[in-house]
Chemist: 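Once you've had a glance at the structure underneath, I'll fire off some questions.
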Amino acid sequence: MTETASARDHVPEWMERYQATWASNEPDDIRALFTPDARYETRPGDPHPWLGHDGIVEGWLAARDQPADWTFSWELLGADGDTAFVQGVTIYSGDNPSYDNLWVVRFDGSGRASSFTEWFMERA
């Protein structure tokens, strides 16, 4: 991180790009969100995290959603240095369940994620 940049500074643009990538599912867009050696955990302590650009692209595309199937809203709960804490709500269309989300995102100095961990819980 640079002395002036913090996770709080990176979150708005990164979240905008993440949502655009969620809609596009384009491998180059996915890679642009993360550092080459990033770690993406679909749950805390994930025994099979997606590692590096290739692993993240592969995992993302295997689990991809279709763009018209969801809406997402989020808020920044807080940030500490290079780490941001984001709360979100994912609403899926039709009879599909919706989810509450908590993301922990660690950023490098350029605004790419070096680590991403998500928690998600089906809404009652």
Side-chain angles (χ1 to χ4, degrees):
M1 301 286 306
T2 65
E3 289 182 31
T4 58
S6 70
R8 187 176 301 278
D9 299 322
H10 294 303
V11 167
E13 180 183 345
W14 193 85
M15 290 299 298
E16 185 177 314
R17 290 185 304 131
Y18 187 99
Q19 288 178 83
T21 301
W22 194 353
S24 76
N25 292 311
E26 290 294 328
D28 287 342
D29 294 343
I30 299 166
R31 285 183 196 93
L33 290 169
F34 299 95
T35 61
D37 61 345
R39 178 183 190 94
Y40 189 121
E41 294 183 324
T42 60
R43 63 180 185 261
D46 192 338
H48 304 288
W50 306 342
L51 301 175
H53 281 164
D54 291 342
I56 293 170
V57 168
E58 181 181 332
W60 183 300
L61 294 177
R64 73 177 158 233
D65 293 318
Q66 296 306 311
D69 288 348
W70 55 268
T71 60
F72 183 74
S73 60
W74 66 275
E75 69 176 297
L76 178 63
L77 294 179
D80 184 20
D82 66 353
T83 304
F85 308 94
V86 176
Q87 181 178 16
V89 176
T90 308
I91 306 291
Y92 286 99
S93 62
D95 293 333
N96 296 313
S98 296
Y99 295 90
D100 288 296
N101 312 105
L102 176 63
W103 295 353
V104 176
V105 187
R106 288 185 177 84
F107 292 96
D108 73 352
S110 70
R112 294 181 301 165
S114 60
S115 175
F116 179 94
T117 304
E118 63 180 331
W119 286 256
F120 54 93
M121 179 179 295
E122 188 173 332
R123 296 190 120 197

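Values in this document were obtained by computation on a predicted structure and should not be read as measured data.
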Chemist: Quick check on Glu122: does its CD atom have over 12 non-hydrogen neighbours (other residues, nucleotides or ligands) under 6.0 Å away?
Modeler: yes
Chemist: Side chains of Trp50 and Thr42: does their closest heavy-atom pair fall under 4.5 Å?
Modeler: yes
Chemist: What are the two closest non-hydrogen atoms of Ala113 and Ala38, and how far apart are they?
Modeler: O-CB, 3.5 Å
Chemist: Which value, rounded to the nearest 0.5 Å, describes the distance between His53 atom NE2 and Thr35 atom OG1?
Modeler: 6.0 Å
Chemist: Within the 4.5 Å heavy-atom criterion, are Thr21 and Leu33 side-chain neighbours or not?
Modeler: yes
Chemist: Minimum heavy-atom separation for Pro49 and Asp46, please, with both atom names.
Modeler: CD-O, 3.3 Å
Chemist: According to the salt bridge (charged side-chain N to carboxylate O under 4.0 Å, His left out) rule, which pairs have a member within residues 57-78, sequence neighbours left out?
Modeler: none
Chemist: Assess the residue pair Trp74 and Phe85 against the criterion (ring pair (Phe, Tyr, Trp, His ring centres under 6.0 Å)); give the C-alpha distance rounded to whole Å, side-chain angles, the decisive distance to 0.1 Å, and a yes or no.
Modeler: CA-CA 10 Å; Trp74 66 275; Phe85 308 94; over 10 Å; no
Chemist: ring-ring contact (aromatic ring centres under 6.0 Å, His included) with Phe72: which of Phe120, Tyr18, Tyr92, Trp103?
Modeler: Trp103
Chemist: So, for Ser98 and Ile91, which heavy atoms are closest and what is the spacing to 0.1 Å?
Modeler: OG-CA, 3.4 Å
Chemist: Among residues at least two apart in sequence or on other chains, which ones pass salt bridge (charged side-chain N to carboxylate O under 4.0 Å, His left out) with Arg106?
Modeler: none
Chemist: Counting distance only, does the side-chain N/O of His10 pair as donor-acceptor with the main-chain N or O of Arg112 below 3.5 Å?
Modeler: no
Chemist: Between Leu102 and Val89, is there a shared hydrophobic cluster once you connect ILVMFWY residues whose side-chain heavy atoms come closer than 4.5 Å?
Modeler: no
Chemist: Can you tell me how far the OH atom of Tyr40 sits from the OG atom of Ser115, to the nearest 0.5 Å?
Modeler: 11.0 Å
Chemist: Rounded at 0.5 Å granularity, tell me how far CE in Met15 sits from OG in Ser73.
Modeler: 9.5 Å
Chemist: What heavy-atom pair brings Ala68 and Ser93 nearest, and what distance separates the two atoms?
Modeler: O-OG, 4.3 Å
Chemist: Would the distance check show the side chain of Asp28 and the main-chain N or O of Arg31 forming a donor-acceptor pair, the cut-off being under 3.5 Å?
Modeler: no
Chemist: Of all heavy-atom pairs between Val11 and Ala84, which one has the smallest distance, and what is that distance?
Modeler: CG2-CB, 3.3 Å
Chemist: Flag the pair Trp119 / Pro44 as yes when at least one side-chain heavy-atom distance between them is below 4.5 Å, and no otherwise.
Modeler: yes
Chemist: Under a single-linkage definition using a 4.5 Å side-chain heavy-atom cutoff for Ile, Leu, Val, Met, Phe, Trp and Tyr, are Val104 and Phe34 assigned to the same hydrophobic cluster?
Modeler: no
Chemist: Compare every heavy atom of Asn25 with every heavy atom of Trp60, then report the nearest pair and how far apart it is.
Modeler: NE1-OD1, 3.0 Å
Chemist: Classify the angle between the aromatic ring planes of Phe116 and Trp14 as parallel (below 30°), tilted (30 to 60°) or perpendicular (above 60°).
Modeler: tilted
Chemist: Applying salt bridge (charged side-chain N to carboxylate O under 4.0 Å, His left out), can you list everything that pairs with Glu41, at least two apart in sequence or on another chain?
Modeler: Arg39
Chemist: Scan Thr90, Asp29, Ile30 and name whichever one has a side chain to side chain contact (heavy atoms under 4.5 Å, CB included) with Trp22.
Modeler: Thr90
